Amino acid sequence: MSLELIATLLGGLTIGSALMVVISKHPVRSVLYLVLTFFLISSNYILMNAQFIAIVNIIVYAGAIMVLFLFVLMLLNLNTENEPKSTLLVKVSAVIAGGLLFTVLIAALREGVVMAQPGIIDANDQGLVENLGRLLFTKYVLPFEVSSVLFIAAMVGAVLMAKREKQTVD
Amino acid sequence: METSEWIEKFVLIVILFLVTLGIAAYLTYFERKVAAWFQDRIGPDRAGPFGILQPLADGGKLFFKEDFIPFAAEKWLFILGPGIAMFTALMTGAVIPWSTDLVLFGQEIALQVADVNIGILFIMGFLSIGVYGIMIGGWASNNKYSLFSAIRASSQMISYELAMGIVVITIVMMSGSLSLRDITNAQHGMNWNVFYQPVAFIVFFVCALAETNRAPFDLPECESELIGGYHTEYGSMKMGFYLFAEYVSLFTSSVVIAVLFFGGYNFPGMDYFEGNTLALLGLGALFLKTFFFVFVFMWIRWTLPRFRFDQLMHLGWKSLIPISLINMLITGIVTAFNEGWF
């Protein structure tokens, strides 16, 4: 099937570019690979006919958050000389922590999720805006509102932090 | 999709691509003529009658210049920058409904490459990633002026995207759809959004000026402070791509303004026509509106002085965002009232 071939290809590319985020030596290159990863994830969404989520993923993550990441990294002017030296202990503990996270994720996802086949979601168009909005305001209204409260808390926190810094300068 | 549909879309994409590039090329000529008119000069008149071949001469010159990459630049990112700028500028044309269906060879041909469910968000998405072209190019040049310019561009674009997005929400509320085809059809005849949403139009227009890096918001390429801004280190066709991308996005943002606020291909008295005549007249109406806005963009560029950067940020965050938020609130209340929710 050509659809399966496309899905496999995109999945492979996504994982490849996600790996490049970690492997790249230069932080700016890492961020650019991360942007590429977001695009590939969006294309996976489109394959599942979730157009709205795909484009919102691009606007929010690739278009805004990653621009800010890049912004900060460009200003920092990171060189290899002032890069923090990682000792053997740090490396070993990082490997253990990463391995534990990986194990937990595998354990959680191994049985619980029925793997969504690309093309199957086409049938009910769940990812289109109208249906998504209806679901968000009826079936999933509580999680939706709770997450919005979380966002407001984060925004208030960000504003407070920015304000406090200004007062000390004055 | 059937083979005929593939061919149809392919032909449409090629035509759209060529027309957009051709218009962008002639906008450079048009801009110089407009500038000359505003400054009481003659403008380019050497190449061909009225200087009509000037864009070809400029393009040829840029093509045959030495393609140079600075020693300290990041080579691949330096090449990637102009490419991204051009790509994102050209992509937005894909979702725009150019006119009603055209009947050719016994087949209905939709004059729109893709009527996606999320049309307007697609445009917003490509606008928001358009900044990567400038950022990557500016950073990869390894020049402090270019870096300043890249940082200015990114902060400016993110700030103005917010107000623009909120305004787009009000328009979506008016038509109840994100598809540009539906938004256009909701403004049938003279029923244009600009009469209902004048404030939204003004905010959107200012944001469009900022998003396309046009004067008075052209701080990323402010010559008096930053030499040439992000394209200081660029030469030959790479710089040509940056300049060209600016004109392509000038054209597409004028089209988007015409579609969102001025009824796209709708024109008064369109009910008297049908079929191909209607489609062609609609196309003409859309282009007429578009070129009017292109002219207004140029008019502003050659009339107003450049803002200071803090003024730009103040205008974006302290004026446009509150105005558009209040506008959205009022639109929401009125819409709810009309739907009979009270």
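From a predicted model like this one, the values you see are computed outputs, not experimental measurements. Every chain is numbered from 1 and lettered A, B, ... according to where its sequence line falls, protein lines coming before strand lines.
Heavy atoms of B:Leu127 lying under 4.5 Å from chain A are absent altogether. Heavy atoms closer than 4.5 Å to chain A are found in both the backbone and the side chain of B:Ile118. Residue B:Tyr132 touches chain A through its side chain alone, counting heavy-atom pairs closer than 4.5 Å. Only the side chain of A:Val35 comes within contact range of chain B, judged by heavy atoms closer than 4.5 Å. Of the atoms belonging to B:Ser155, heavy atoms from both backbone and side chain fall under 4.5 Å from chain A.
Distance CG/A:Leu32 to CH2/B:Trp139: 7.5 Å, rounded to 0.5 Å. Between the CD1 atom in A:Ile59 and the CD atom in B:Glu161 there is a gap of 8.0 Å [rounded to 0.5 Å].
Within 6.0 Å of atom CZ in A:Phe38, more than 12 heavy atoms from other residues, nucleotides or ligands are found, so the atom counts as buried in its surroundings. At most 12 heavy atoms of other shown residues, nucleotides or ligands fall within 6.0 angstrom of atom OH in A:Tyr33. Applying the 6.0 Å contact sphere to CZ of B:Phe309 captures more than 12 heavy atoms from other residues, nucleotides or ligands. With a 6.0 Å radius and a threshold of 12 heavy atoms from other residues, nucleotides or ligands, B:Tyr242 has its OH atom above the threshold. Counting heavy atoms of neighbouring residues, nucleotides and ligands inside a 6.0 Å radius, atom CZ of B:Phe217 exceeds 12 of them.
Residue A:Gly63 comes nearest to B:Ser128 through the heavy atom pair CA-OG, 3.7 Å, listed as atom of the first residue, atom of the second, then distance. Pairing each heavy atom of B:Ile129 with each of A:Ala62, the nearest pair is CG2-CB, 4.3 Å.
With chain A as partner, the option from B:Gly138, B:Ser154, B:Ala150, B:Gly130 having the largest number of non-hydrogen pairs under 4.5 angstrom is B:Ser154. Each of B:Val131, B:Leu178, B:Leu121, B:Leu80 has some count of heavy-atom pairs under 4.5 Å with chain A, and the biggest count is that of B:Leu121.
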